[in-house]
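Let me begin by presenting the structure, written as C-alpha cells, before commenting on it.
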Amino acid sequence: MKLKKITKLITITLLTMTTLSISTSVYAANNMAFSAGKGYGDVDASQATISCYSSYASMGYNSYYSTSGANTSVLRGAFSNGTKRLESDIVFLTGHGSYKSVNTTANGRLEIGEFVGSNTRIGTEEVDWTKVKLAIFLACETGKQTNEDPENLAYDVFEKSNWKATTMGWRQNIECLDSIAWIDYFNSKLETGSSISAALNYANSKNIYSNNAIKDLSFFGDPNLVLKKSRSAVTNNIDEDNVKYITENISFDGTNIETINELLNDEFSNFKVEDYEIDIFTNSEELGYYTIDYTYKINDIYTNSGYTVMVNNGKVVQIADNFIPISEEELDTNFENYAQKANIVKEIGKSYTNKFNNENCINNCETITPISIRNQETRKFIDLKNNKKYIQVSTVYSYKNDNATAVNGFKYEI
C-alpha cells in the first residue's frame, strides 16, 4: 500500500471516530455552488446540470450553472465576487469521463495534472480544493480503481484538498439517463437536510435504472456531511416505503456475503439466493460503505425485481425491497432466435448512437466528430411490472484522440 494511501486511511479512520453518527453542517464563507456540463455528441447531460443548480439554490447557496457553454475558459474563470468557479462550496461536473478527467463539453475538460495556459484543459493542480466541501464528477470511470498514481480523478481531488473535501466518482461506464435519475434522487435527499450517507443510500435504494452500474461509485471524505443551509421547508416527495431499517448488529466487510444472504432469507419468505445475481459495490472500503444488489433472474433473463442492501461503517443499515411478485407459469420467457436478434439490436444500437451524435453536433453548431464504438453488450430483460420483453444493448463509445468514454443504452421490445 502506498505511503500516502496509508496516511489517508489513518486520517479517514480518525475522522470517522470523531464524527460517527454525527451530522456535520457546513457554513463556508463563499456560499457558492457551481454545476457544469452537457457533454457532446450523443450525450446530453444538461438536465442533470440544471437539476443540480436548482437543488443547490434551494439548499441556500448562490447557485450557478453552465451547460453548452461550459468550456475550459468558463471552468477556469471566477464569479463576480472573486470566487473561482471550481473553488465553490459545491462543484458538480458531468459529461464524458475517464479515470483522469471529466469533459463537460467538447472544449471543456478538468484533468489530473497542471495545464496552465491551455485552451482545452484545466488541471486539478490549478485549483485550491481545500475550499470545496463537495465535488461530484458524474461521468464514466471518474472513480475507477486503477494502478495509476493518483488512481482516479475523485481521489486526486480528495488528496489535493488535504483530505478536507468530500468527492465522488464512478467506477464503471454509466448511462446518461441513469445518471440523470440517480443525481435527482441524491439531491432530493440532500435538500431535506440529510447527510451524504443518507442521500447515497436513498439514490442507491431505487431500482428504476437500466443498469445498476450507476450504483458502483467511489466516495472519499465525510459521509456525515450535511450541506443544506436554508431553513425553508422541503416539499420533496421522498419515497422510502420500500426501505426496512435494520437495528440488529450485522457486520459486513466486503466478503462475508453468507451473512447477508441469511438476513434476506430471514426477512423475506420468498427469497432463494440461487434466483439472484449478486453485485457488491464498494463505495468506500476505508469507511466500510457497500451497496449490495440482488437482481432477480429467470435463468439467463434479467428483471427489474430484487433487493438492495446498504452497509454503512461495516454494518447493515437498511434493505430496499424492490421485489415484484410474479407467476412464472403465466410469464412469457421465450426469446426465440436470441443470438440472431441480438446481433441486429447491436447494429441498431450503433446506428442510434451515430445518429444522435450527428444530430447533437449539428444542433449545437459543433463539427461532427466521428465516434469509435469500443464495446457492446446485450442481455435479455423482462419488465415484470409491465410484462414486456426486451433485448437491451449497451454501447460504449469514445471520440478520436480522446480517452473519455460514454455509454448509450437502447432496448428493443420483442
Side-chain angles (χ1 to χ4, degrees), residues 30 32-46 48-50 52-53 56 63-132 134-143 150 152-161 165 167-170 176 179 357 360-361 363-369 371 398-406:
N30 63 32
M32 310 297 286
F34 179 56
S35 305
K38 176 184 182 294
Y40 49 90
D42 188 42
V43 166
D44 186 348
S46 300
T49 297
I50 295 171
C52 286
Y53 150 78
Y56 305 147
S63 188
Y64 297 85
Y65 77 92
S66 178
T67 53
S68 58
N71 58 30
T72 297
S73 177
V74 168
L75 298 181
R76 186 175 273 122
F79 300 113
S80 59
N81 67 356
T83 300
K84 292 183 178 180
R85 293 188 178 97
L86 293 184
E87 294 177 2
S88 300
D89 293 82
I90 303 175
V91 174
F92 170 84
L93 302 181
T94 190
H96 294 261
S98 71
Y99 83 91
K100 63 180 180 180
S101 67
V102 57
N103 294 25
T104 51
T105 62
N107 299 308
R109 176 189 294 184
L110 173 69
E111 185 171 330
I112 294 173
E114 184 176 3
F115 307 97
V116 176
S118 171
N119 294 323
T120 59
R121 292 178 287 183
I122 177 173
T124 54
E125 293 182 13
E126 302 169 48
V127 180
D128 184 359
W129 297 103
T130 65
K131 297 180 179 180
V132 176
L134 174 65
I136 301 175
F137 305 116
L138 184 59
C140 295
E141 299 186 342
T142 51
N152 57 56
L153 178 64
Y155 178 78
D156 181 57
V157 169
F158 179 51
E159 179 185 27
K160 285 181 170 57
S161 75
T167 66
M168 299 172 63
W170 273 256
C176 184
S179 301
N357 171 57
N360 282 327
C361 286
N363 291 337
N364 291 283
C365 301
E366 296 177 6
T367 301
I368 293 178
T369 304
I371 62 176
S398 62
Y399 289 79
K400 186 178 180 180
N401 300 322
D402 194 343
N403 290 324
T405 60

| field | Check: L110 and F137 side chains under 4.5 Å, non-hydrogen atoms | value | yes

| said: Angle between ring planes, F79 versus F34, binned at 30° and 60°: parallel, tilted or perpendicular? | reply: perpendicular

| Counting only N and O atoms by type, is there a donor-acceptor contact under 3.5 Å from the side chain of T105 to the main-chain atoms of A70? | yes

| said: Distance check, rounded to the nearest 0.5 Å: S46 atom OG versus Y65 atom OH? | reply: 9.0 Å

| query | Do any N or O atoms from the side chain of N71 and from the backbone of V74 form a donor-acceptor pair under 3.5 angstrom? | reply | yes

| query | Sub-3.5 Å donor-acceptor pair from the side chain of T72 to the main-chain atoms of N107, do we have one? | reply | yes

| request: Run the numbers on E141 and L153 for side chain to side chain contact (heavy atoms under 4.5 Å, CB included), then give the verdict. | output: CA-CA 9 Å; E141 299 186 342; L153 178 64; over 6 Å; no

| salt bridge (charged side-chain N to carboxylate O under 4.0 Å, His left out) pairs, two or more places apart, involving residues 71-88 | R76-E126, E87-K131

| If every non-hydrogen atom of C52 is compared with every non-hydrogen atom of S35, which pair is closest and at what distance? | CB-OG, 3.4 Å

| message | Run the side chain to side chain contact (heavy atoms under 4.5 Å, CB included) test on V157 and V127 for me, step by step, so that the C-alpha distance in whole Å, both residues' side-chain angles and the decisive distance to 0.1 Å come before the verdict. | response | CA-CA 9 Å; V157 169; V127 180; over 6 Å; no

| task | Nearest 0.5 Å please: distance from the CZ atom of R121 over to the CD1 atom of I112. | result | 12.0 Å

| message | Could you check whether atom CG of N119 has more than 12 heavy atoms from other residues, nucleotides or ligands sitting under 6.0 Å from it? | response | no

| field | Student check: side-chain heavy atoms of V116 and E125 closer than 4.5 Å | value | no

| field | Validation row: T94, S179 side chains within 4.5 angstrom (heavy atoms) | value | no

| query | G169 and A154: which non-hydrogen atoms are nearest, and at how many Å? | reply | N-CB, 3.7 Å

| query | In chain order, what residues pass the side-chain hydrogen bond (donor to acceptor under 3.5 Å, both in side chains) check against T124, with sequence neighbours excluded? | reply | D156

| query | Residues in side-chain hydrogen bond (donor to acceptor under 3.5 Å, both in side chains) with S101, at least two apart? | reply | S98

| request: Could you please spell out the steps behind the side chain to side chain contact (heavy atoms under 4.5 Å, CB included) verdict for V102 and H96? | output: CA-CA 6 Å; V102 57; H96 294 261; over 6 Å; no

| Is there a donor-acceptor contact under 3.5 Å from the side chain of T142 to the main chain of W170? | yes

| task | Search all heavy atoms of Y56 against all heavy atoms of S63 and return the closest pair with its distance. | result | CB-OG, 3.9 Å

| task | Pick out which of L75, T67, T49 makes a side chain to side chain contact (heavy atoms under 4.5 Å, CB included) with T104. | result | L75

| Nearest heavy-atom pair of M32 and S88: which atoms, and what distance? | O-CB, 3.5 Å

| note | Separation between CG (L134) and CZ (F92), nearest 0.5 Å, reads 10.5 Å

